[in-house]
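We name chains A, B, ... by the order of the sequence lines, and we start the count at 1 in each one.
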There are 2 protein chains.
Amino acid sequence: MLDLPPLQATARDDAVLNVLADFVIHEELKPGDRLPTERVLSERLKVSRTTVREALTRWEGLGLVERRQGSGTYLKAAVSRDMLHLPLTFASGNDFESLMHTLEIRRGLEAEAAALCALRAGPAEVEIIRQKLEVMEEAFHSRAGMSSDEDWDFHQAIYRVSGNPLFEQIISAMHELFHRFWEHPLGVRDFGHASFPYHRTVYERIAAGDAEGARGEALKLIATVEADLRRGDANLKRAGYK
Amino acid sequence: MLDLPPLQATARDDAVLNVLADFVIHEELKPGDRLPTERVLSERLKVSRTTVREALTRWEGLGLVERRQGSGTYLKAAVSRDMLHLPLTFASGNDFESLMHTLEIRRGLEAEAAALCALRAGPAEVEIIRQKLEVMEEAFHSRAGMSSDEDWDFHQAIYRVSGNPLFEQIISAMHELFHRFWEHPLGVRDFGHASFPYHRTVYERIAAGDAEGARGEALKLIATVEADLRRGDANLKRAGYK
DNA sequence: ATGCAGAAATTGGTCTGACCATTGTACCAT
DNA sequence: ATGGTACAATGGTCAGACCAATTTCTGCAT
């Protein structure tokens with residue numbers, strides 16, 4: 001049977017988002033750009049400001065847009081007409097177990113990204129990654145410890161070169177949550193110290209085009225982080241903080 | 001009924017969600033249950049209906065709640081106080097490349113889940129997986145082809161036994177999107193036919209407690225699916241459908 | 001001219017009260 | 001019982017106003 005019902009019920013807020021997506025595309029707005037005022041949109045679209053706000057609230061919830069009172073509404077991510085939304089919500093349980101769970105997810109993704117990266121990286125891409133690696137290594141030696149920012153840059157370069165934008169999106173989202181809830185994970189200083197040498201071995205396998213080797217080194221890298229965290233957790237428990 | 005206290009600060013819509021989460025927990029509401037009217041909430045929380053609606057719009061966007069005009073607002077998923085939201089949105093681009101991208105994500109997660117499953121599965125869990133495997137194999141032989149449902153049951157069993165609920169949540173969400181947009185992937189019949197034998201090898205590695213072996217077999221399994229799809233895509237192109 | 005403090009305009013956030021569209025229910029005629 | 005109709009409840013939209021944070025403008029002192 002032909003599916004007839006999609007007739008225009010009361011779904012104006014949805015329509016607003018479609019029109020707004022068209023607008024963003026037509027105006028070639030990029031992340032960081034400001035989009036029209038709620039009042040302007042309301043007038044131009046001939047709908048109430050309430051409806052515009054409901055629509056923008058949806059986009060805000062999806063992380064597509066950021067609202068700043070007194071300033072405006074800003075684009076936060078690229079918008080296209082055919083977007084898939086995959087809202088995951090799970091109980092965090094601010095505990096150690098949950099942290100391990102997110103790390104296991106990251107391990108699977110990190111390993112796959114490294115493998116794909118090894119397959120698809122050309123000389124130019126290898127050079128980019130090498131540069132990030134050296135910046136990270138220099139930061140490590142000069143400050144005698146892992147540097148979150150430079151470390152993250154290195155990993156992101158791998159996700160980008162993997163040729164699959166989903167890796168960066170998913171892991172970045174997790175990374176953001178990670179830092180929001182465990183700002184200083186379990187009080188572990190030199191967090192990830194032991195993982196340092198594996199950054200270079202991962203790079204070497206990628207440069208050699210060795211997918212399975214890169215996957216293996218990436219797995220080892222995350223494993224050392226996991227071990228670090230477990231040790232930190234055990235210390236906390238022994239100290240009676242838990 | 002739990003007594004819903006009034007609110008004051010500015011971040012009201014956010015505060016509404018916290019209180020509402022408390023309410024849902026206290027009332028032990030389960031998915032499918034109806035939660036209070038917008039007007040009732042507005043009155044009990046001493047907040048305008050507008051604010052209540054903005055809050056509910058957020059939950060709706062996250063898939064936690066479903067609104068039915070004329071009927072009410074219904075809980076759609078379990079709610080806890082500390083929930084992490086990971087809204088992913090990416091361009092679908094109903095094309096072959098996007099399908100491959102989602103499959104690469106799944107490969108990384110599937111491999112990790114299988115490895116963890118091998119580490120943590122006790123005799124009872126192994127038995128559960130074996131049962132799912134045999135149901136699937138029987139369906140395969142009697143109907144001379146892969147059966148989506150039984151295949152999916154088998155994989156889900158692995159996610160559950162992995163001891164990490166995130167695997168099931170993430171892959172299930174992707175699976176749902178997958179089927180919504182590529183109902184019959186590229187017209188490939190016997191989709192995943194070649195992957196059949198690897199289900200048993202994955203099971204065997206899990207039963208043996210061989211994490212790396214399980215990871216390897218899972219990788220091979222997804223690789224065959226990928227190869228199947230590539231072949232189907234090539235066929236379509238050759239036939240001039242694209 | 002320049003720099004800076006305060007006023008004014010801008011913008012998102014909330015409120016109020018009303019009406020519309022859809023759904024569920026009770027009641028009535030058959 | 002059956003089916004239809006009126007009515008109440010509920011989410012969706014609207015209009016206009018005010019609040020709070022931010023930005024921009026203005027004018028005075030330097």
> Does a side-chain N-to-carboxylate-O contact under 4.0 Å join B/Arg67 and B/Glu38?
Replying inline: yes
> A/Glu54 CD to D/dC14 P: how many Å, rounded?
Replying inline: 11 Å
> So what does B/Ser71 touch, heavy atoms closer than 4.0 Å: a base, only the sugar-phosphate, or nothing?
Replying inline: sugar-phosphate
>> Can a side-chain donor-acceptor contact be found between A/Tyr159 and A/Glu110 if the only test is distance below 3.5 angstrom?
In response: yes
>> Could you tell me how far apart A/Glu38 (CD) and D/dA15 (P) are, to the nearest whole angstrom?
In response: 15 Å
> Please give, in whole Å, the distance from D/dT22 P to A/Gln69 CD?
Replying inline: 7 Å
> Between B/Arg39 and B/Glu43, is the closest basic N to carboxylate O distance under 4.0 Å?
Replying inline: no
> Just checking B/Thr50: base, sugar-phosphate only, or nothing, at a heavy-atom cut-off of under 4.0 Å?
Replying inline: base
> Quick one: is D/dT10 close enough that its OP1 or OP2 comes under 4.0 Å of any side-chain N or O from B/Arg67?
Replying inline: no
>> What is the separation between atom CD on B/Glu66 and atom P on D/dG12, rounded to the nearest whole Å?
In response: 11 Å
> D/dT13, C/dT22, C/dT11: which one has an atom nearest the side-chain heavy atoms of A/Thr37?
Replying inline: C/dT11
>> Counting only side-chain heavy atoms from C-beta out, which of D/dT13, C/dG12, D/dT10 sits nearest to B/Arg53?
In response: D/dT13
> When you check the gap from the basic side-chain N to the acidic O, do A/Glu66 and A/Lys76 get nearer than 4.0 Å?
Replying inline: no
> For the pair made of CG in B/Leu41 and P in D/dG12, what is the distance, rounded to whole Å?
Replying inline: 13 Å
>> By nearest atom, which of the nucleotides C/dC15, C/dG12, D/dC14 is closest to the A/Val47 side chain?
In response: D/dC14
> Under 4.0 Å between a side-chain N or O of A/Thr73 and OP1 or OP2 of C/dG12?
Replying inline: yes
> Looking at D/dG11, D/dT13, C/dT14, which one has an atom nearest to any side-chain atom of A/Arg49?
Replying inline: C/dT14
> Can you tell me how far P of D/dA20 sits from CG of B/Asp14, to the nearest Å?
Replying inline: 19 Å
>> In whole Å, I'd like the distance from the CH2 atom of B/Trp59 to the P atom of D/dG11.
In response: 14 Å
> Which residue lies toward the 5' end of DNA chain D, A/Gly70 or A/Ser48, if each is placed at its nearest nucleotide?
Replying inline: A/Ser48
>> Categorize A/Arg68 for me: base, sugar-phosphate, or nothing, with a 4.0 angstrom heavy-atom threshold over every strand shown.
In response: sugar-phosphate
> Between A/Tyr74 and A/Arg39, who's closer to the 5' end of DNA chain D by nearest nucleotide?
Replying inline: A/Arg39
> CG of B/Leu56 versus P of D/dT13: gap in Å, rounded?
Replying inline: 14 Å
> Is the closest basic N to carboxylate O distance between A/Glu125 and A/Arg120 below 4.0 Å?
Replying inline: no
